[in-house]
Chemist: 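The structure under discussion is supplied below as structure tokens; questions concerning it will follow.
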Amino acid sequence: MARKANSGGEGGGPRESLSPPPPPKKKHRAWPYALLLLLAWGGIFGAVFWSHFLSDLPDTTKLLVKGSTQDVTLLDDRGRLIARRGLTQGERVDVGRLPSYVPNAFIAIEDRRFRSHFGLDPIGLVRAAYENMVAGHVRQGGSTLTQQLAKNLFLQPNRTFERKMQEAMLALYLESRYSKDQILTLYLNRVYFGAGVYGIEAAAQRFFGKHAEELSLTEAAMLAGSVKAPARYNPLADADASMDRAQVVLRAMEDSGFIDEKTRAEAAATRPRVVRGSGTPGSGYFADWVLSRIAGYVADDNDSLIVETTFDLDAQAEAERAVAQGLAADGPKLHASQAALVALTPDGAIRAMVGGRSYEASTYNRATDAVRQPGSAFKPFVYLAAFEHGRTPDDVMIDGPVDIHGWKPSDYEGKFEGPMSLTRAFAKSSNVIAAQLTAEIGAATVARTAHRLGISSPLQEVASLALGTSGVTPLELTSAYVPFANGGHGVVPHTILRIRTRSGKILYTRDTQGQGDVVAPANLQQMTRLMSETVISGTGRAASLAGRPTGGKTGTTQDFHDAWFVGFTADLVCGVWIGNDDNSPMKHATGGTLPARIFHNFMTAAEQGIPVRPLAGSIAVAAAAPPPEGTQPADTEPPDSDVETPAPKKPDSIEDLINGLFGGK
């Protein structure tokens, strides 16, 4: 008989189900795997993100290796400091060798929690963010010294998120690799202090003339204070502002517990002596030019160099003054914005060099690098070549319309004087007669003559060469006039007399051997006669010097793009150029106006106290009579006919066509 299923009453045995029981419910275990998967992918993306920024980080493995300490000191002819360059990083100084107040000054003003943070300072970041928010503009930065060091390791410190991430990561890396003192050492030897100086040792020497280990508390505070705005607070830029900023640093040091109130007060009342070089504001042009040439004289090494030069800081100051005053007075009305001046002694030694209106505004050296048309300032080479081929100053030629292979040169405003001697033709700057002389002896002959005297730029051997249509630099043209001042001897413009290391080792000494005679005595006398007459009665009258024999030549180019005066006495040769960097035309600016006046003003000051001597080739030339007492050089000049640029000659070739069409532009 079938048994009834037990319903589960008490005391009953095992119950039987009418259907199989459901399988037991399994616990859900998927979430740990999902979490692990997310973590894995997060790690992968994090690693990619991290490696992206790490890939561009600079190499930090050799930061503590001592780098190059070479610097170059330039001295003038009397041993006065012109400039000191190359101080991109002074000799590395370990922070342990410095008085404790030196690093503490930087910590107090830049990063008070430097000794305790891990490379980033969250408290400082929050404080800076709050201060900036309240002020409505950026007043404080939250960067630590370690972050500042990291920033200095980047060649291009762009303000981008990527750069800031790299900076933060590198700061953390530096803190993990180097001790606090090592980081301070790296920072102090790399930070910029202004005036072209990096590193605590270079700054101490540049501003105070001592080693970093010898810095006083006040000097250390001035250097620490300059880091915020080096161009404004460095001691050379503004000693008063630098001292005021040092007071802020000293108070921060007192607040941080590095010094007590008495020490702070004593330091605040002490004003250090700031060492100032005697270089003039514009001597940077000369310094740059010399530094660009040093490699050709000495081997590349890490020794600090002292370069003794022919430069004269007194003459340089007068040159800068003459250029600045001339441009300020006449530049606006003549539409002339730039000028250059070079002065050399008769042996080719450079005494002054002004490369532009302001070195601070533009470091481009127009005296050495600007290739401009000389206009009629090139004519001395034409006349010298003609004299060497039989012409004389008394020869008479016709200043009138001519046709030279289809080219019809004209004089200023189309005026002609008819028959005139070569002396007068030169003094009045006749284009027609210069063109006839060039056609007579050949443009190639004129070019060879110019090259012999010192022109190094290529010269187009075309008829228009007579009017100076091939470009030259002011230094090049002025040096080519030197043989007219020294008796006919060729020179190479030079300035480096000796190069030695700071320890006294001589690396280079100039050989004074010259280039030999380039102008025969008879021809020199003829040229002196012409160039003296130009200053006495011709286009260069504004350049005349009271009682001092002077020779020279004006030059003006097509549409008044360039204006020159190059002249000389027995003691100095000086070339002056005015114009515009974009080659835009000036307003009726000729060589006999502003350039001649700049020459006059500079030479008058530069030759003050120098005995008057006759010109080297003036045996048969009467000295210029001094003007009446108290008078000034004429402000105007006879028409300078060199302003006319010739039409092209009839071309013999495609090259001649191009040269003729564009030689005067």
Side-chain angles (χ1 to χ4, degrees), residues 282 285-286 289 310-312 315-316 318-320 322-323 326-327 336 338-357 365-381 429 450 453-457 468 470-486 491-495 527 531 534-535 539-540 542-545 550-557 562-569 571-579 589-607 640 642:
Y285 293 113
F286 175 79
W289 183 71
T310 63
F311 207 58
D312 179 359
Q316 176 68 16
E318 298 297 345
E320 292 175 26
V323 168
L327 285 175
Q338 283 294 348
L341 182 152
V342 181
L344 303 91
T345 57
D347 65 352
I350 295 174
R351 302 292 279 168
M353 177 184 290
V354 179
R357 185 172 202 150
N365 193 339
R366 295 152 191 84
T368 60
D369 299 333
V371 178
R372 309 294 292 241
Q373 293 181 356
S376 286
F378 188 82
K379 287 177 181 174
F381 312 116
S429 202
L453 267 68
I455 296 296
S456 56
S457 293
S470 289
V472 295
T473 68
L475 175 59
E476 179 183 3
L477 183 61
T478 306
S479 64
Y481 272 57
V482 170
F484 298 126
N486 68 11
V491 301
V492 174
H494 65 275
T495 193
M527 290 303 303
M531 300 175 89
T534 299
V535 175
T539 58
S544 64
L545 305 175
T550 308
K553 185 69 185 76
T554 57
T556 314
T557 60
D562 306 274
W564 303 72
F565 184 84
V566 186
F568 55 91
T569 64
D571 304 289
L572 282 175
V573 183
C574 175
V576 178
W577 165 88
I578 68 167
T590 64
T593 55
L594 180 55
R597 287 194 288 272
I598 291 176
F599 172 92
H600 166 84
N601 293 337
F602 164 70
M603 295 289 279
T604 298
E607 302 214 49
D640 186 358
D642 57 8

Chemist: Mind checking whether Val472 and Arg372 have side chains closer than 4.5 Å, heavy atoms only?
Modeler: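 No, too far: nothing below the 4.5 Å cut-off.
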Chemist: Is a side-chain N or O of Thr557 found less than 3.5 angstrom from the main chain of Asp562, in a donor-acceptor match?
Modeler: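 A pair under 3.5 Å: yes.
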Chemist: Quick one: pull up CG in Leu453 and CE in Met527 and give me the separation to the nearest 0.5 Å.
Modeler: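 If we round to the nearest 0.5 Å, Leu453:CG and Met527:CE are 9.0 Å apart.
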Chemist: So do the side chains of Ile350 and Leu475 get within less than 4.5 Å of each other, counting heavy atoms only?
Modeler: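 Ile350 reaches Leu475 side chain to side chain.
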Chemist: Decide yes or no for Thr345 and Leu572: does some side-chain heavy atom of the first lie under 4.5 Å from some side-chain heavy atom of the second?
Modeler: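 Yes. Closest side-chain heavy atoms under 4.5 Å.
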Chemist: Pro474 and Trp577: which non-hydrogen atoms are nearest, and at how many Å?
Modeler: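 Distance-wise, the nearest heavy atoms are CG-CB, 4.3 Å.
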Chemist: For residues Gly471 and Ser457, report the shortest heavy-atom separation together with the two atoms involved.
Modeler: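 Looking at all heavy atoms of both residues, the shortest contact is O-CB, 3.4 Å.
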Chemist: Return the OG to CD1 distance between Ser470 and Ile455, rounded to the nearest 0.5 Å.
Modeler: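 It is 10.0 Å, given to the nearest 0.5 Å.
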Chemist: Given 3.5 Å as the limit, does a donor-acceptor pair link the side chain of His494 with the main chain of Val492, or not?
Modeler: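 Present.
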Chemist: State the CD-SG distance between Glu607 and Cys574, to the nearest 0.5 angstrom.
Modeler: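 Here the rounded value is 9.5 Å.
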Chemist: Shortest non-hydrogen contact from Gly592 to Ala542?
Modeler: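 That would be O-CB, 3.5 Å.
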Chemist: Locate the shortest heavy-atom distance separating Ala336 from Ile578; write the atom from each residue and the value.
Modeler: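 Heavy atoms of Ala336 and Ile578 come nearest at CB-CD1, 4.2 Å.
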Chemist: Taking the side chain as C-beta and beyond, is there a heavy-atom pair between Tyr285 and Arg366 under 4.5 Å?
Modeler: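 Side chain of Tyr285 against side chain of Arg366, heavy atoms only: contact under 4.5 Å found.
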Chemist: For a 4.5 angstrom cut-off between non-hydrogen side-chain atoms, does Asp347 reach Asn486?
Modeler: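 No - every pair of side-chain heavy atoms lies 4.5 Å or more apart.
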Chemist: Tell me, please, which residues at least two apart from Arg351 pass side-chain hydrogen bond (donor to acceptor under 3.5 Å, both in side chains).
Modeler: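 Arg351: side-chain hydrogen bond (donor to acceptor under 3.5 Å, both in side chains) contacts with Asp77, Asp312.
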Chemist: Are any side-chain N or O atoms of Gln316 and backbone N or O atoms of Ala352, one a donor and one an acceptor, separated by less than 3.5 Å?
Modeler: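 Here the side-chain-to-backbone pair does not exist.
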Chemist: With distance as the sole test, does Thr593 use its side chain to make a donor-acceptor pair with the main-chain N or O of Ala589 at under 3.5 Å?
Modeler: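 Checking the backbone N and O of Ala589 against the side chain of Thr593, no donor-acceptor pair under 3.5 Å is found.
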Chemist: Do Val342 and Val573 come close enough that some side-chain heavy atom pair is under 4.5 Å?
Modeler: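 Sidechains of Val573 and Val342: no contact.
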Chemist: For the rings on Phe602 and Phe599, is their centre-to-centre separation under 6.0 Å?
Modeler: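 No, ring centres 6.0 Å or more apart.
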Chemist: Quick one: does Trp564's side chain have a donor or acceptor within less than 3.5 Å of a partner on Gln373's backbone?
Modeler: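 The answer is yes, because a donor-acceptor pair under 3.5 Å joins these two groups.
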Chemist: With the side chain counted from C-beta on, respond yes when Val566 and Val576 share a heavy-atom pair under 4.5 Å apart, and no when they do not.
Modeler: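 No, their side chains stay 4.5 Å or more apart.
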Chemist: Go through the steps for Thr569 and Thr550 under the test side-chain hydrogen bond (donor to acceptor under 3.5 Å, both in side chains), then give the verdict.
Modeler: CA-CA 5 Å; Thr569 64; Thr550 308; over 6 Å; no
Chemist: What is the minimum heavy-atom distance between Val323 and Ala339, and which atoms define it?
Modeler: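 Looking at all heavy atoms of both residues, the shortest contact is CG1-CB, 3.8 Å.
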Chemist: Determine, step by step, whether Tyr481 and Phe568 satisfy the ring-ring contact (aromatic ring centres under 6.0 Å, His included) criterion, reporting the C-alpha distance in whole Å, the side-chain angles of both residues, the deciding distance to 0.1 Å, and the verdict.
Modeler: CA-CA 8 Å; Tyr481 272 57; Phe568 55 91; 7.1 Å; no
Chemist: State whether the side chain of Glu320 and the backbone N or O of Val354 hold a donor-acceptor pair below 3.5 Å, judged by distance alone.
Modeler: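 Not confirmed, Glu320 side chain does not pair with Val354 backbone.
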Chemist: Between Leu341 and Met353, is a side-chain contact (heavy atoms from CB on, under 4.5 Å) present by the stated rule, with each step listed?
Modeler: CA-CA 6 Å; Leu341 182 152; Met353 177 184 290; over 6 Å; no
Chemist: Give the minimum heavy-atom separation between Gly591 and Pro595, together with the two atoms involved.
Modeler: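 Reported closest heavy-atom pair: O-CB, 3.6 Å.
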Chemist: After noting the C-alpha distance and the side-chain angles of Leu327 and Leu594, does the key distance pass the side-chain contact (heavy atoms from CB on, under 4.5 Å) rule?
Modeler: CA-CA 8 Å; Leu327 285 175; Leu594 180 55; 4.2 Å; yes
Chemist: Taking side chain as C-beta onward, heavy atoms only, is Pro493 less than 4.5 Å from Leu344?
Modeler: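 Contact flag for Pro493/Leu344 side chains = yes.
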Chemist: Any side-chain donor-acceptor pair under 3.5 Å between Thr368 and Thr473?
Modeler: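 Absent: no donor and acceptor within the cut-off.
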